[in-house]
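Take a look at the structure set out below.
Lettering follows sequence order; numbering is per chain, from 1. Note that the structure is a prediction, hence the values are computed from the model and not measured.
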Amino acid sequence: MAEANLFHGLRRAVLAEIASMAAAGELPPGLDTGRVAVEPPREAAHGDVTTNAAMVLAKPAARKPREIAEALVARLRALPHVTGAEIAGPGFINLRLADGFWRERLRVVLRAGTAYGRCDIGAGRAVNVEYVSANPTGPLHAAHARGAVIGDALANLLEVAGFAVTREYYINDAGSQVDTLARSAFLRYREALGEAIGKIPEGYYPGEYLKDVGQALAAKHGPALRDLPEAQWLETVKRFAVDALMAEVREDLRVLGVRHAVFTSERAMVESGGVERAVDWLKAHGDVYTGTLEPPKGKLPDDWEPRPQLLFRATRYGDEIDRPLQKSDGSWTYFANDIAYHHDKFRRGFAEMIDVLGADHGGYVKRMQAAVKAITEGKGALDVKLCQLVHLMDAGKPVKMSKRAGTFVTLRDVVEAVGKDVVRFIMLTRRNDQALEFDYAKVKEQSRENPVFYVQYAHARARSVLRHAAEELPGADLSAAGLASCDLAALQAPEELQVIKIMADWPRLVEGAAEAHEPHRVAFYLADLAAAFHGLWNRGKDDARLRFIQAEDRAGTLARLALVQAVALVAAAGLRVFGVEPVEEMR
RNA sequence: GCGCCCUUAGCUCAGUUGGAUAGAGCAACAGCCUUCUAAGCUGUGGGUCGGCGGUUCGAAUCCGCCAGGGCGCGCCA
């Protein structure tokens, strides 16, 4: 089978020519070619392929870029499929490839079918992607959807790139927030037993959703807990409430189409001695000491007093200050627990870890990366994807939310309003570290400006043509495999070749996006593919020769259907990375 | 006050890990189309890449300082 990423082969060909130039004495031997890039040029006008080889080699070879380029371009011109090679700018070499070469790429797409774009840069390495990890103190709200979708799409992308991915959710069920949850649930329990509880006091979770938990507690325990001192009901109620809310969270995630393979309980990890294990490990490596931190610069916390405490030597691993592991009451800080959690991930075989977190964790990244470096002796790597805010709008007006009043828009509200596929796609139309505007009205609009619609429409349009063709050409094999072996000579128009070139770039895009951990690149790719396909379609309006189905031209029709089939395949492959169902028709 | 992230066309955003004359969609302007296969098409104008320095063949991209916005700043998670 032909190599999916055609630029790999081209790069090898360029390097082979460089080697033979060295052998012929035209270049010094043993040059480092690591920085030689062979890629599509930014501008289509510059040809199909560009390489910076002459410029990169100029310095080590002590030659002028253009001199090297002259010699190299003559050799590249002789390569198979190369129809043009020229030197441009400061020493770029631009290549043009034969139309026939591109037509053959179409067969590569069709033969690979739904597997087109898969690659093996991951080589089966284990990667742990942790995402959502919201506190189990309430239903997921709209902002959680972004992290959920980014994490899920990134996991899909890494799978396509050949990694062994584990999707993980960290349940923060150990801290004081779940104590607050338990007290709030207990209040609702008393309410369910008929007591008038009045206004929910400050410091409790006011959300209506806790009424159900209170009802369920009352149904299970009757009045048995009501008159006990807190110490005797807290554990029971906490566990019950956390379980109930995690069930809600899982349901929210299911509605969004997000499924984690592993749920790790912070509490279970702490109770099993995970923190001691991790801290002892750090102690043994000299990364823990008892010391007193300088007060933070600027405004002091009201109750600041210098206090010796157990510290992690984060400065040794690139952080600004050393970080506390224990609170004043001797219990572990959240950070200590998180070190233990990442230690645990590493022990489970994950050297590569990705945490998808909210932007409010920004100040936390350096210390966690320092900790991962320490706890894995430099063998592990942690990438943190911070997700910026989502601004919910409706027709340009902000949707009102108040966390204090407990009136926030839930994830489920959003999914019910526009559908999971729209939520998923839109959440991926911006880089994770940029704020995103989510406008109910705009995301449902059926227009060029709405990328979900535009991309889905391209897929639906392609599928529609194939359905139509099946009626026009009874008995023809219009499957991808069948069309892969038809005569493609009719594909001559620049618009047709342009669509093929974009599809030929899909494997390269997957590699780059997977390496950079940037699923949003897929959204922009799909929009480009859709634009080229719609453009081709529109050209068929004025130029009948570009219409896909032409009764009097069976061979040409089959060739164009091969193109259409490939567009459907690639669009579907991209949408599946997003966990979005490609639609057969627009409704 | 300190740290992290962000700043690209009037607006919304890309920019392939340092490449060429910085791109796309809206909006604006100028035409076309009014019916086919499915909710239009073509063209034009628009930029100090927040600012100033530095690194080098080459910077939106890397480094330093400054400005503006967001987030965070021991005993919240």
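Separating the CD atom of A:E518 from the P atom of B:A14 is a distance of 10 Å, rounded to the nearest angstrom. Atoms NE2 (A:H391) and P (B:G70) sit 10 Å apart, rounded to a whole Å. Atom CG of A:L526 is separated from atom C1' of B:A14 by 14 Å (rounded to the nearest Å). What separates CZ of A:F92 from P of B:U16 is a distance of 14 Å, to the nearest Å. One interatomic measurement links the two molecules: CE of A:M368 to C1' of B:C4, which rounds to 17 Å at whole-angstrom precision. Rounded to whole Å, atom P of B:A38 lies 17 Å from atom CZ of A:R463. Taking atom CD of residue A:E495 and atom P of nucleotide B:U42, one finds them 10 Å apart after rounding to whole Å. When the C1' atom of B:U16 is taken as reference, atom CG of A:L6 falls 14 Å away, rounded to whole Å.
Residue A:Q326 has no polar side-chain atom (N or O) positioned under 4.0 Å from OP1 or OP2 of B:G74. A close approach under 4.0 Å does occur between a side-chain nitrogen or oxygen of A:K327 and OP1 or OP2 of B:A77. Checking the phosphate oxygens (OP1, OP2) of B:G19, no side-chain nitrogen or oxygen of A:N52 falls inside 4.0 Å.
Here A:H361 lies in heavy-atom contact (under 4.0 Å) with a base. Residue A:G512 is classed as having no contact, given no heavy-atom separation below 4.0 Å to the nucleic acid. Contacts of A:E437 with the nucleic acid, taken as non-hydrogen atoms under 4.0 Å apart, are absent. Across all strands shown, A:K366 has heavy atoms under 4.0 Å from sugar-phosphate atoms exclusively, and none from any base. At a threshold of 4.0 angstrom between heavy atoms, the contacts of A:N538 are confined to the sugar-phosphate backbone, with no base atom among them. Residue contacts shown for A:F548 include a base, since a base heavy atom lies under 4.0 Å away. Residue-level contact check: A:A516 touches the bases, meaning some heavy atom is under 4.0 Å from a base atom. Among the heavy atoms of the strands lying under 4.0 Å from A:S176 are primed sugar atoms or P, OP1, OP2 only; no base atom is included. The residue A:T429 sits apart from the nucleic acid: no heavy atom pair falls under 4.0 Å. Within 4.0 Å (heavy atoms only), A:R467 reaches at least one base atom of the nucleic acid.
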Quick one: which protein N/O atoms are closer than 3.5 Å to N/O atoms of nucleotides 57-61 of chain B? Pair and distance per line, please.
{"from": "B:C57", "atom 1": "OP1", "to": "A:K59", "atom 2": "NZ", "distance (Å)": "2.8"}
{"from": "B:A60", "atom 1": "N6", "to": "A:R42", "atom 2": "NH2", "distance (Å)": "3.3"}

Quick test: give all pairs of protein nitrogen or oxygen and nucleotides 23-27 of chain B nitrogen or oxygen below 3.5 Å, distance rounded to 0.1 Å.
{"from": "B:G23", "atom 1": "OP1", "to": "A:E43", "atom 2": "OE2", "distance (Å)": "3.1"}

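Between B:C5 and B:C66, the two P atoms lie 16 Å apart (nearest whole Å). Comparing B:G10 with B:U16, their C1' atoms are spaced 28 Å from each other, to the whole Å. If you take atom P in B:G54 and the same atom in B:U17, they sit 27 Å apart, rounded to whole Å.
Ring geometry, A:Y454 versus A:H534: the interplanar angle falls from 30° to 60°, so the pair is classed tilted. Between A:H361 and A:Y364, the angle of the ring planes goes over 60°, which puts this pair in the perpendicular group of the 30/60° scheme.
Contact check for A:P324 versus A:L293: side-chain heavy atoms found under the 4.5 Å cut-off. Looking at heavy atoms from C-beta onward, A:H8 lies in side-chain contact with A:E511 at the 4.5 angstrom threshold. Counting only heavy atoms from C-beta outward, the side chains of A:Q388 and A:R431 never approach each other to under 4.5 Å. You'll find the side chain of A:L154 reaches within 4.5 Å of the side chain of A:I354, heavy atoms only. Side chains of A:E472 and A:L561 form no contact here, defined as non-hydrogen atoms less than 4.5 Å apart. Side-chain contact between A:M427 and A:V390 is present, with heavy atoms from C-beta onward closer than 4.5 Å.
Among the nucleotides B:A38, B:A77, B:A20, the one closest to any side-chain atom of A:N94 is B:A20.
Heavy-atom nearest nucleotides on RNA chain B were determined for A:V465 and for A:S328, and the one closer to the 5' end corresponds to A:V465. Each of A:Q446 and A:D505 has a nearest nucleotide on RNA chain B; the 5'-most of these lies closest to A:D505.
Not a single donor-acceptor contact under 3.5 angstrom links the side-chain atoms of A:T333 to the base of B:A77.
Not one N or O on the side chain of A:T33 forms a donor-acceptor pair closer than 3.5 Å with the backbone of A:V36.
Consecutive pairing runs in RNA chain B reach the stem threshold at B:1-7 with B:67-73, B:10-13 with B:23-26, B:28-32 with B:40-44, B:50-54 with B:62-66, where a stem means at least three Watson-Crick or G-U wobble pairs with distances under 3.5 Å.
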Stepwise, does the salt bridge (Lys or Arg N to Asp or Glu O under 4.0 Å) test hold for A:R367 with A:D338?
-> CA-CA 11 Å; A:R367 78 187 67 171; A:D338 223 6; over 6 Å; no
